[in-house]
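Written below as structure tokens is the structure these notes are about.
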Amino acid sequence: MRVQLPLINTVHGRSALTCRFRCGDACFHPAPNTSSNPYVGDVIATALSRRSMMRAAAVVTVAAAAGTAGTVVTAPSAEAAAQQATAKPKGKAARGLRFTPVAPNTADTVTVPAGYSQNVVVRWGEPILRGAPAFDADRQTAAAQSGQFGYNNDFLALLPLPGERGRQVLVANHEYTDEVLMFRGYDAADPTREQVEIAWAAHGLSAVVVEENKKNGALTVVPRHHLNRRVTATTGFRLTGPAAGSDLLKTSADPTGRKVLGTLNNCSGGTTPWGTTLHGEENFNQYFANAGRATDKRYGIGTGASERKWERFDKRFDVAQEPNEVHRFGYVVELDPYDPSSAPRKHTALGRFKHEGATVRLTHDGRPVVYSGDDERFDYFYKFVGSKRMKHGSGRAVREHNLSLLDEGTLYVARLTGDSPAIEIDGTGKLPADGEFDGGGEWIALVTATAKGAVSHVEGMTADEVCVFTRLAGDKVGATKMDRPEDIEPNPHSGKVYVALTNNTNRGVGTNAPADEANPRNANKHGHILELTERWNRADSTKFAWTLFLVAGDPEDPATYFAGFPKDAVSPISCPDNVAFDPHGNLWISTDGNQLGSHDGLFGVATKGERRGELKQFLTVPTGAETCGPLVQDRRVLVAVQHPGEISGATVEKPASTWPDGPGKIVRPAVVAVWRKDGDDIGV
């Protein structure tokens, strides 16, 4: 008998089915962070006036100094702000954004602008390894899936392939599985071993060579290429960094604490300057059962059976039997796409939490800096500053050196402050007396790793404890609670860092932290984006200034804000998730959980000049889907269409979507490429 799904249609913009399989119903559970640390909403909220958002618009652009480090910019007058907010834009849109915006819609397809075309690059189940069979939903096996493209593609990377003209290496995350949309007659209360092993094989990563059609922008898979690879929940990984070998990571299967099988719930990620890809293990908690320790609770690990019941088939998913196995997930994974035989690495120096992703830029002297958000209500965002410089070259010694760059350095967590008296922060969005919206912040050191060992900067915690229980370390040092910090990306043109905060409708509810000067709304169901300017624009600085760049929602809502751009000339947007930059320095935003009644999509927004804040919708995704990926090249945009058809009550027998192959075919997550029909660059 098939399990009856909840009757709830949506939860905070997501279907209840999404909540079950993606994050283990995280929104239905109390937030794991019960610390008394300041909340980012308390730092932002009062800077935006619901009564007079037009006046506040230009005030929001103020960037204050962090500590004593930068220069305070005076806010413009209310009259100047009003003029800025109502002035009609002149001339063309920013270069890279010159397309006709897609209107909000609920079409069960990928909708792109006029003059653009698209193709499905690769679908769930397509064979990519030699010997893998063609996809057959009714005859799927774990062996077949281990050679086929995985499920629920998320982060995407395209890397060059020297010597093979027109080809690139596509790397994709496979975040989680929707068993009710994968298997006919699936019984969630009693899954079979074969179904579980297929799910293990459908998780992880795929690396696959793709080839460009010379006549258009279409990409197609090159099957059986020697670089094609699948990484699954049973692939061997190396644990590296300060916690590798710690007693906290030792299990009965691995008494060394240095080897682990698999990677789970890989959400977003990043590419490195040395030619590897990074992948964030996010909602790993949902795969483990029978937990009970305080540290487990802080990570949202349940006390009973797991949703997928994997613990029935492998004791490592039963915390009661293998208490340390859960400590081996929640890291940033590094993959070398050019060496299919290499073991991927889990970097403990970057901390253990629900990594949305990991993005990299280099310091002025060539050391890596990695930014990552902890995707949970009231949790934190972090950066790691490496201590070793990247080497240039292609030799094996150079490669091995660069693969160790993320094992030595210092991990920091962010603390944001506002400049208004606490008495003026009442949670209503009323502007403080100074009429300014600005703030500063600092990066608080948690742990430093060197070749000779590691040092904790958190009182009462050892270095390996900081790396394994990073959330608790953030609690202890007073990090600022955020509204689900998702993707964090530095702009390669300006160096400014953008933080996507998806939403948090629980702010100020009950005993939860109230609003403050760093979050504009108590009922934050649409999310917002922060813009950070690090001191002297140096990636290794420990000080920064911050400002609101975008407050999402219906532009007709006075609480929304688009960097001062006229709100009658922008697209509506809700729930920013992943972000990326195009070659022109524009920010591209994919959404997850649109609360405005239309499907999720991909948006481009100018970050500089007179058009700063002009936001335009580039595409929408099918019914029940989330926009992931995104990757914007000169002549191509790629998105990962994740969990299409993921609507409460949907099953294989009763699908909510027929994308991408039409009626009578099983719904399949897939990667889509979009290009201009005339062959010119995107948005020019």
Side-chain donor or acceptor of Arg352 paired with backbone N/O of Phe329 under 3.5 Å: yes
Short side-chain to backbone donor-acceptor contact, Arg298 and Leu472, under 3.5 Å: no
Heavy-atom check, side chain of Ser146 versus side chain of Arg230, under 4.5 Å: no
Residue Lys250 excluded, over 12 heavy atoms near NZ under 6.0 Å: yes
Within-4.5 Å side-chain heavy-atom neighbours: Val210 and Val122: no
Donor on one side chain, acceptor on other, Asn266 and His174, under 3.5 Å: no
Pair Arg308-Gln286, side-chain donor/acceptor within less than 3.5 Å: yes
Under 3.5 Å: donor-acceptor pair, side chain of Asn285, backbone of Gly300: yes
Test item: side-chain donor near acceptor, Gln642 and Asp154, under 3.5 Å: yes
Lys346 NZ/CZ over Tyr331 ring centroid, <6.0 Å and within 45° of normal: no
Heavy-atom side-chain proximity of Leu159 to Tyr338 below 4.5 angstrom: yes
Nearest atoms (heavy-atom pairs only) where Glu282 meets Glu175: OE1-OE2, 3.0 Å
Results of salt bridge (charged side-chain N to carboxylate O under 4.0 Å, His left out) for Glu489 - residues two or more places apart only: none
Close side-chain approach of Val621 to Trp659, heavy-atom, < 4.5 Å: no
Check: Glu281 and Val333 side chains under 4.5 Å, non-hydrogen atoms: yes
Residues forming a side chain to side chain contact (heavy atoms under 4.5 Å, CB included) with Ala107, sequence neighbours excluded: Asn105, Thr109, Thr111
Residue Lys309 excluded, over 12 heavy atoms near NZ under 6.0 Å: yes
Partners passing side chain to side chain contact (heavy atoms under 4.5 Å, CB included) against Ala202 (at least two apart in sequence or in another chain): Gln145, Tyr151, Thr177, Met182
Carboxylate-amine/guanidinium proximity below 4.0 Å for Glu400 and Arg345: yes
Heavy-atom closest pair, residues Thr623 and Asp108: N-OD1, 3.2 Å
Pair Thr620-His599, side-chain donor/acceptor within less than 3.5 Å: no
Single hit among Trp310, Tyr287, Phe284 for ring pair (Phe, Tyr, Trp, His ring centres under 6.0 Å) with Phe317: Trp310
Heavy-atom closest contact (Thr192 atom, Phe313 atom, distance): C-CZ, 4.0 Å
Asn152 side chain to Tyr176 backbone, donor-acceptor under 3.5 Å: yes
Within-4.5 Å side-chain heavy-atom neighbours: Pro630 and Ser590: yes
From CA spacing to verdict: side chain to side chain contact (heavy atoms under 4.5 Å, CB included), Val674, Leu602: CA-CA 12 Å; Val674 182; Leu602 179 65; over 6 Å; no
Flag side-chain contact, heavy atom, 4.5 Å: Asp314 against Glu197: no
Heavy-atom side-chain proximity of Phe288 to Asp296 below 4.5 angstrom: no
Asp339/Arg399 under salt bridge (Lys or Arg N to Asp or Glu O under 4.0 Å): CA gap, chis, key distance, verdict: CA-CA 11 Å; Asp339 184 1; Arg399 195 68 173 169; over 6 Å; no
Side-chain donor or acceptor of Thr277 paired with backbone N/O of Thr271 under 3.5 Å: no
Spatial distance of atom CG (Asp375) from atom CD (Glu356) [nearest 0.5 Å]: 5.0 Å
Polar side chain donor-acceptor pair, Gln595 to Ser574, under 3.5 angstrom: no
Which atom of Gly645 lies closest to which atom of Leu181, heavy atoms considered: O-CD1, 3.8 Å
Output field: ring centroids Tyr380/Phe353 closer than 6.0 Å: no
Side-chain (Ser598) to main-chain (Thr106) donor-acceptor, under 3.5 angstrom: no
Whether Thr235 side chain and Gly262 backbone form a donor-acceptor pair below 3.5 Å: no
Under the side chain to side chain contact (heavy atoms under 4.5 Å, CB included) test, residues paired with Lys315 that sit two or more places apart: Ser252, Gln321, Glu322
Heavy atoms from other residues, nucleotides or ligands near CZ of Arg293 exceed 12 (cutoff 6.0 Å): yes
Pair Tyr382-Thr470, side chain to side chain contact (heavy atoms under 4.5 Å, CB included): steps then yes or no: CA-CA 10 Å; Tyr382 303 78; Thr470 312; 3.7 Å; yes
Atom pair CG/CZ of Asp254 and Arg328 - distance to nearest 0.5 Å: 4.5 Å
Any donor-acceptor N/O pair, Asn504 side chain to Arg484 backbone, under 3.5 Å: no
Minimal non-hydrogen separation, Glu653 against Gly185, with atom names: OE2-N, 2.7 Å
Candidate pair Val222 and Glu164, rule side chain to side chain contact (heavy atoms under 4.5 Å, CB included), full reasoning: CA-CA 12 Å; Val222 180; Glu164 298 193 33; over 6 Å; no
Asp487 side chain vs Ala500 backbone, donor-acceptor pair below 3.5 Å: no
Test salt bridge (charged side-chain N to carboxylate O under 4.0 Å, His left out) applied to Arg312 - qualifying residues, sequence neighbours left out: Asp190
Evaluation steps, side chain to side chain contact (heavy atoms under 4.5 Å, CB included), between Leu170 and Leu638: CA-CA 10 Å; Leu170 174 69; Leu638 270 78; 4.2 Å; yes
Carboxylate-amine/guanidinium contact Arg123 Asp661, below 4.0 Å: yes
Pair Asp379 + Lys354, salt bridge at N-O below 4.0 Å: no
Spacing of OG belonging to Ser372 relative to CG belonging to Leu350, to within rounding of 0.5 Å: 7.5 Å
Test item: side-chain donor near acceptor, Asp600 and Thr627, under 3.5 Å: no
Which atom of Ala463 lies closest to which atom of Val447, heavy atoms considered: CB-CG2, 3.8 Å
Any side-chain donor near an acceptor of the partner, His643 and Asp178, under 3.5 Å: no
Exercise: do Glu486 and Ser268 side chains pair donor with acceptor under 3.5 Å: no
Those residues that, when tested against Val667, pass side chain to side chain contact (heavy atoms under 4.5 Å, CB included) (two or more places apart): Pro644, Ser657
Ring geometry between Phe469 and His327 (parallel below 30°, tilted from 30 to 60°, perpendicular above 60°): perpendicular
